[in-house]
Protein chains: 2
Amino acid sequence: MRTHTQPDSKQTDAIEALFADRGLRCTNQRRALYAALASHKYHPTAEQLYYQVRGRVQGLSLATVYNTLEALCRCGLARKYSGEAGTARYDACVHNHVHTCCQHTGAVHDVPDELSQRLLDCIPAELLKELESELHFKISHVQVQLIGVHEGHQILGG
Amino acid sequence: MRTHTQPDSKQTDAIEALFADRGLRCTNQRRALYAALASHKYHPTAEQLYYQVRGRVQGLSLATVYNTLEALCRCGLARKYSGEAGTARYDACVHNHVHTCCQHTGAVHDVPDELSQRLLDCIPAELLKELESELHFKISHVQVQLIGVHEGHQILGG
DNA sequence: GTACGTGCAAAATGTTTGCATCATT
DNA sequence: AATGATGCAAACATTTTGCACGTAC
C-alpha cells in the first residue's frame, strides 16, 4: 500500500488535534472522511461519502467508511440520522440543528442556524430536566425533524 | 366517530369503518395488523408485528406486513419511524408524541402524552408558519426525539 | 513492537418485487 | 366480475464481520 502522504494544511492539523483529543488514531482515510463530512452542506450517506472521498484517498473501502463513521459517532464528532428512507445519513456534529425531511423524496436538509436555534430555544431546559427525572432517561440531545413536503411536490393520496 | 368500548366485534367494525373511510380494502391480515399496531405500547418493527400477528392470522407473510404498513402510512393511519438503529419502526398514528431513543440499546419509547404535549406546545404555530414560508416546505408534522441513555446504562467509550 | 485500522469479499440484516392465486368489493 | 391483496421466493440494498496485512502511536 501507500506510504504516508500527509498534505500540509492548517485544517489537517486541526483534524489531527481533534482526533488526538478523543483518542482516535489519525489515518489518511479518517482524516479525509471527516474533512468531507465536515464540509458537507447536506447529509451524506455512507455510500456518498465513499465515492466522494475515494477520489482523494486511493483504495478506500466502504467497510472503512462505516467503521470510521461509527468511530466518529462514538466519540461525538459525528452524528447518525435515520431519516424516512432506509439509508442512514451522517453529519459532522457541529451543533444541534433542525432537519427537514421530505416525505416525497426522502431528502434531508438543514434548517438554517438562526431558525433552528429559535426553534430549539423554545424548549425550556427545566422541561428537559423534568423529563429526565420522570423518565429515568439521560438526555444527550434533542432531535427535531420537520416532516413534510418541499413546495412543488404533492403527497399522492392513495 | 362513535367509539364504543365494547367486545371485539365492535372494535372490528370500527376498524372496518376506518379502512372504508380511507378507501382501504379490509382483509383479515390488515385488520389484525392494524389492531396489533394500535394496541402496541411501544413501536414494533415489521418483523415483530409479523411474529405477533402470525399466531392469529394463518399464513401471514412478511411481504404483506410491509405492504400493509405502507398502505397504512400512505393513508395516514400509521407512521414510520427510523430511529437510531437500522430498522424501521411503526406506530398507529393516534396523535403526535415525543419519543425517547436509547443510544445504548436502540430502544424507542413514548414520552407520556401529558409530557409530550407540554413539550410540543412549546413550539409556537407562528414559528412553524414562518419556517414553512422561509423554507418553501409544507410541514405535515414535527417529530421530536430525545436521544440519550436510559438510567443504568452507560455509553461505552471504546 | 503492539494495538488498532484497513481492504476485501462474504455474510447478515432489512426491505421490495414479480407473479400466480385468492378475497373483497 | 374486476380490482386489488396475498404468499412465496428471489432480488435488492444496506450494513457488519473475519481475516491477513499495514500503519500510527
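On a predicted model such as this, the values are computed, not experimentally measured, just so you know. Just so it is clear: chains get the letters A, B, ... in the order the sequence lines come, proteins before strands, and each one is counted from 1.
The CD atom of A:Gln29 sits 10 Å away from the C1' atom of D:dG22 (whole-angstrom rounding). Atom CD in A:Glu70 sits about 15 Å away from atom C1' in D:dT14, given to the nearest Å. Look at OH on A:Tyr81: it is 20 Å from P on D:dT14, rounded to the nearest Å. Rounded to an integer number of Å, the gap from CG of A:Leu60 to P of C:dG5 is 15 Å. Remark: P of C:dT15 and OH of B:Tyr50 are 15 Å apart, rounded to the nearest angstrom. Straight-line distance from the CG atom of B:Leu62 to the P atom of C:dG14: 10 Å, rounded to whole Å. Distance, B:Leu69 CG to D:dA5 P: 14 Å, rounded to whole Å. One atom, CD of B:Gln48, and another, C1' of C:dT13, lie 14 Å apart when rounded to the nearest Å.
Comparing the helix axis at one end of the helix from C:dG1-D:dC25 to C:dT25-D:dA1 with that at the other, each defined from 5 consecutive pairs, gives an inter-axis angle of 50° (nearest 10°).
A:Ser116 contributes a side-chain N or O that, together with a main-chain N or O of A:Val98, makes up a donor-acceptor pair within less than 3.5 Å. With A:Ser133 contributing its side chain and A:Glu130 its backbone, the two residues share a donor-acceptor pair below 3.5 Å. Of the possible donor and acceptor atoms, none in the side chain of B:Arg31 sits under 3.5 Å from a partner among the backbone N and O of B:Glu16. Judged purely by atom type and a 3.5 angstrom limit, A:Arg89 uses its side chain to pair as donor or acceptor with the backbone of A:His43. Listed for the B:Ser39 side chain is a donor-acceptor partner under 3.5 Å among the backbone atoms of B:Ala36. Proximity of a side-chain donor or acceptor of A:Glu132 to a complementary backbone N or O of A:Ile139 within less than 3.5 Å is detected. The backbone N or O of A:Leu60 lies less than 3.5 Å from no partner atom in the side chain of A:Thr64, so there is not a single donor-acceptor pair. A donor-acceptor contact shorter than 3.5 Å is absent between the side chain of A:Gln117 and the backbone of A:Glu114.
For B:Thr68 and D:dT6, the shortest distance from a side-chain N or O to OP1 or OP2 is below 4.0 Å. Distances shown here put a side-chain N or O of A:Thr87 below 4.0 Å from the OP1 or OP2 atom of D:dT14. Side-chain N/O atoms of B:Tyr66 include none lying less than 4.0 angstrom from OP1 or OP2 on C:dT16. The phosphate of C:dT6 (OP1 or OP2) has a side-chain N or O of A:Arg30 nearer than 4.0 angstrom.
Atom CG of A:Leu119 sits about 6.5 Å away from atom CG of B:Leu128, to the nearest 0.5 Å.
The closest side-chain heavy-atom distance from A:Leu77 to A:Arg22 is below 4.5 Å. When side chains are defined from C-beta on, A:Cys122 counts as touching B:Leu127, because their heavy atoms get closer than 4.5 Å.
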Per-nt protein contacts along nucleotides 18-25 of chain C (heavy atom under 4.0 Å; B base, S backbone sugar-phosphate only, - none) come out as -----BBS
Stepwise side chain to side chain donor-acceptor pair (under 3.5 Å) check, A:His99 with A:Gln143: CA-CA 8 Å; A:His99 292 142; A:Gln143 200 175 284; over 6 Å; no
Using a cutoff of under 3.5 Å, can you pull out all pairs of nitrogen or oxygen atoms linking the protein to nucleotides 10-12 of chain D, with atom names and distances?
none

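Between B:Ala46 and A:Ser61, it is A:Ser61 whose nearest contact on DNA chain C lies nearer the 5' terminus.
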